[in-house]
Amino acid sequence: MDIEAIENKIRNAVLAKRIRISEYFGDYDKLHSGYLTRSQFFRCLDQTIGIYLTPEECNDLLHKYDVKCNGTVNYKHFIDVIDKRFNPNEMDKDPSLQIVTAPEILKDINPEMDPDIMKYYDTIMKQLSTYYKYHGTDILTPFQDFDKLNSGTVARHQFYRSIICPVGLSDKMVSMIASHYAVPGKPDFINYIYFCNDVRDRIKSMETDRSVGPSVPYGYWPPELPKSPEILEVIDKIRNVVFLRGIRMPEFFKDYDRLHSGLVTESQFIRGLNLACGKEANLTEQDIQTVRKCFNTPDGKVRYRDFCDLMEHAFNIPHLEKYPRAEVCRPPNGSLFKLGTKLTGAEEKQLKTVLGKLSHKVEKRQLLVNPFFRGYDQKEAYRRLVSKSQFERTLDYLGLSVLPMDFYLLCKKFGDPTTGDINYIAFSQAIDKEFSGFKVDSLEPEILADEPAGISPEEQQIGFKPQPRTRGGKVDLGELLGRLRHHVLVNRVRTVDFIKDFDPLRSGRIPISVFRRALSMIGFDPELTDAQFGALVKGYEDPRNPGHIVWTNFTHDIDSVFTIPDLEKKPNVKVPLSEIYQLPKVGAVNAVTFNPPERVQFEALICRLKERIGQRHLMMYPAFKDFDKYNNGHLSRSQFHRCLAQLNLEVSEKQADLLEEVFSDELGVDYVRFLDQVDPQQKPEEMYSKLMNEIHQLNNSKKIHEQGATSDINCILEKIKTKVYRQRVKIGDHMKDFDKLNSGRILKANFRRAFDLDGFELQPSEMGILEKVYESCKEPDFVDYKAFIKEIESIFTLDHLEKYPQVEVIRYKPPADWTLNTLSADEICVYEESLNRLAEQVRKKQVQLFPPFEDFDRLNIGSVTQSQFHRVLTELGLQNVLSLRDIRVLAQRFLVKVGSGDNVNYVAFCDAVHDAANMEKRIP
């Protein structure tokens, strides 16, 4: 009998019963030698498998696995052959082996199964696998709920209850599936493990068989750089270290680049590269020179910025936010895992022998190696590293000691090139077949640039081929800018806020890629096409620095919809209205652009609709408004037709198409524009504008009436000096507040404001004269306030008096208020005559003038009102001497300002009368 058929018979029985025969044979092998006697071997087969082997089958097995020297059977070899067919690790070593699925086992058990039934069964399982994959169904858990003993089998009725049946799966189909996975010899029990594994294998095959898209280049590589094997090897070594350790490469070079040019010298580049990852990447002098030559420039400098970009995008795509559908190629498992330095051929051969001996010891003694090393890796973060002393101590503790030369090879192979520590995870996986610390995928060969792979430079740079969004064509830059201004104005967006952060040096220039990213952030709707963006780039590209955009010019043109820049320097410039930048919706058509026949037809239709609406007094707006749920002034075509039908406005299909062509845009039919033409409403008058115009006219009609204003600068200065002397006003404090730079000059408006704060009640004409006198020679709009302050403060002391100690200072005495009163020539004659007559009468009758006035002066301010003055003269009997005109002229001569009224200084009046009469003053 064929030995292979016997092995398949035993293998199918073992798989059906889900038993591990190695444990049964191991009970007889106390010394773990791997050998049993013949009686023990066949006894274990009978007890374990539970099937009868004929003498011929036993002899065939002994002929293959019997060891003739001592009469024992190599059961280890037998177990490996039986279990090898189901071991994925062994399948990788021996591709000739095939995985046996559950249907194949069942077919081996029932070789007379109908092929038509198997075809029908495959169709059902394919549909089930598709359904489970689409819904992400967990098919194993419902069966495990009934399998309390974890035997891998459930009863038939439990299988019917646990299987997840999609719509269309009949009971007959479920019964057929259950029959396929029935346990041999026990038809009432179903092996659900086989069913679940079969479904998972089918799902996995569906994922692997699906069509794969165009290949994406592995990693980012600029198209302008050469792709030689030497450069690729060095760059891959550096970027793996940079990616694993999170090194920020620009930080090691930018201090050398003070001008931010992206260039450094060769020595600076070598110094920065050694400092960044020279030790970690184990770079040699030849590796550094290879990188330097790759990024070298004709003038002897190195483009470190391009090198840093290549490192930062090692496993990424530049500007990934622009390509949301791009599939980034991740590195395969284990590609970044690097052990120690390379070994020579003799060292590799010697190391393989050492690892083989250690692996044999571990397998024979069933050692768990990793937990003993893991105990030393708990003080810090999980580094997967131990020191050499800890590594040697653990090997000695496990009884795996090696010779010093072999230990040196182990440290060299599994040691970290930077710190010298040992990677115990890799060592454990190398000697322990049961332990899996990491997985290494097979690396596919990278597509070189010179190979005809059909990859464009753009595709090679960004990692995939972007789909063109629109067809190319000519773009009107003026129209495009108008659309952009409309979007900015309507949404109140300041473009400068989105762009200036990308220009930290405020140079006014940014790269083209950054400019596109900023435009995407602004949110122009619809999004700019490639042709439109190309027109913007062509219009605002920097001629001195190609590849960069002068973003300040762009924001200046766009943000001009709000206001004019530097408007504070041009107060007389008229700002245009913002409404001129608003454009109609995209797709709106003006009837003026129609040809004459269509225009006549459109105007006739509008006149007919307007006449019908006017005759029937239709309320148009509420009917259209009821359909406008979004309140945007637009309706769909069907809603527009329904409104016209409800209002009995009969239009033909051709006329309706004409209306839609005129009043439709990107949002639908603009019924507001339609109603403005067919049913125009009288707009309410804007009362706010009318009221503001009336207020402006009223303010312009008002005239300032000045009282007591003088045109003599000396009188104005005397008035100011008098108030400063009497009220002790610090006149320069408020003026200095407006002169932050202490230049001695302030604006005329601030000069007037300071006078108002100090309380000087000067008339506008007097202020104009004062500003004209002290106007600055260099700047006509400014006043030299320090010269003015110097003139006013001269009433207290002379400037720089410490330099002239012998100068006699004349004390300033302000004149009386009444002395500032002026009279005309006729009034002066009347004043002198009346004063002489009054003095003669007082001298003759010895009239006491002062006491009667003093009786009316209750506050002792030395003045009385004009009526009181006239009353006192009447009571003294002097009305016969003085006429009303004389009294008025006398009162005007001695007039003083008290508050808001005009009083008469009776003290000065009495002194003048006594002087004219040659009498002593104020003596009874």
Side-chain angles (χ1 to χ4, degrees), residues 468-487 489-491 524-532 535 577 579-684:
R469 285 176 290 184
T470 56
R471 295 177 297 177
K474 294 184 179 180
V475 178
D476 187 359
L477 184 59
E479 181 182 357
L480 176 60
L481 291 178
R483 285 294 170 188
L484 299 182
R485 292 193 187 100
H486 173 77
H487 172 82
L489 178 64
V490 173
N491 297 279
F524 290 119
D525 187 22
E527 187 179 356
L528 297 180
T529 62
D530 294 338
Q532 292 173 341
L577 298 177
E579 287 74 9
I580 64 175
Y581 297 103
Q582 293 185 2
L583 300 178
K585 298 289 185 181
V586 178
V589 178
N590 194 347
V592 180
T593 60
F594 287 168
N595 51 31
E598 291 182 348
R599 191 189 311 170
V600 171
Q601 183 181 2
F602 173 75
E603 293 176 355
L605 176 61
I606 293 297
C607 292
R608 183 174 66 83
L609 293 176
K610 186 185 299 184
E611 182 180 359
R612 184 171 180 82
I613 292 171
Q615 290 176 354
R616 300 181 58 197
H617 300 286
L618 296 177
M619 300 293 293
M620 301 287 293
Y621 184 77
F624 286 92
K625 181 64 177 176
D626 292 340
F627 288 94
D628 188 10
K629 300 300 182 182
Y630 297 102
N631 197 23
N632 58 358
H634 290 76
L635 300 178
S636 63
R637 297 180 58 186
S638 60
Q639 292 174 341
F640 183 70
H641 291 172
R642 289 176 62 186
C643 288
L644 295 178
Q646 287 182 3
L647 296 170
N648 291 329
L649 298 176
E650 299 178 357
V651 291
S652 63
E653 184 176 354
K654 185 176 181 181
Q655 293 174 345
D657 294 339
L658 185 61
L659 291 176
E660 292 174 2
E661 185 178 359
V662 176
F663 299 107
S664 296
D665 52 39
E666 59 181 353
L667 298 180
V669 181
D670 190 353
Y671 69 88
V672 177
R673 284 199 300 128
F674 171 72
L675 295 179
D676 288 340
Q677 294 199 19
V678 299
D679 187 20
Q681 300 293 329
Q682 185 178 2
K683 296 183 179 180

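Values below: all heavy atoms of this structure, side chains included; hydrogens, waters and symmetry mates excluded. Quantities reported herein were computed from a predicted structural model and do not represent experimental measurements.
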**Q** Can you list the residues that meet the side chain to side chain donor-acceptor pair (under 3.5 Å) rule with N491, with sequence neighbours excluded?
**A** H487
**Q** Report the distance from atom CD of Q532 to atom CG of L484, rounding to the nearest 0.5 Å.
**A** 8.0 Å
**Q** Any heavy-atom pair between the side chains of V669 and L659 that's under 4.5 Å?
**A** no
**Q** When you measure from the side chain of D670 to the backbone N and O of F674, does any donor-acceptor pair fall under 3.5 Å?
**A** no
**Q** Residues in side-chain contact (heavy atoms from CB on, under 4.5 Å) with A656, at least two apart?
**A** H641, V651
**Q** If you round to the nearest 0.5 Å, how far is CD of E598 from CD of E661?
**A** 6.5 Å
**Q** Test of understanding: with side chain to side chain donor-acceptor pair (under 3.5 Å), list the residues that count as partners of K625, not counting sequence neighbours.
**A** N631
**Q** Apply side chain to side chain donor-acceptor pair (under 3.5 Å) to D676 and list each qualifying residue two or more places apart in sequence or on a separate chain.
**A** none
**Q** Atom CG of D628 and atom SG of C643: how far apart are they, to the nearest 0.5 Å?
**A** 9.5 Å
**Q** If every non-hydrogen atom of F624 is compared with every non-hydrogen atom of L644, which pair is closest and at what distance?
**A** CZ-CD2, 4.3 Å
**Q** Does the side chain of F640 reach to within under 4.5 Å of the side chain of F663, using non-hydrogen atoms?
**A** no
**Q** How long is the gap from CG on L481 to NE2 on H486, to the nearest 0.5 Å?
**A** 14.5 Å
**Q** Side-chain atoms of residues 606-621: list all donor-acceptor pairs with protein atoms under 3.5 Å, sequence neighbours left out, distances to 0.1 Å.
**A**
| unit_1 | atom_1 | unit_2 | atom_2 | d |
| --- | --- | --- | --- | --- |
| R608 | NH1 | E650 | O | 3.4 |
| R608 | NH2 | E650 | O | 3.0 |
| R608 | NH2 | Q655 | OE1 | 3.3 |
| E611 | OE2 | Q615 | NE2 | 3.3 |
| R612 | NE | N648 | O | 3.0 |
| R612 | NH2 | N648 | O | 3.4 |
| R616 | NH1 | L647 | O | 3.2 |

**Q** Taking only residues two or more places apart in sequence, or in another chain, which ones meet D657 in a side chain to side chain donor-acceptor pair (under 3.5 Å)?
**A** none
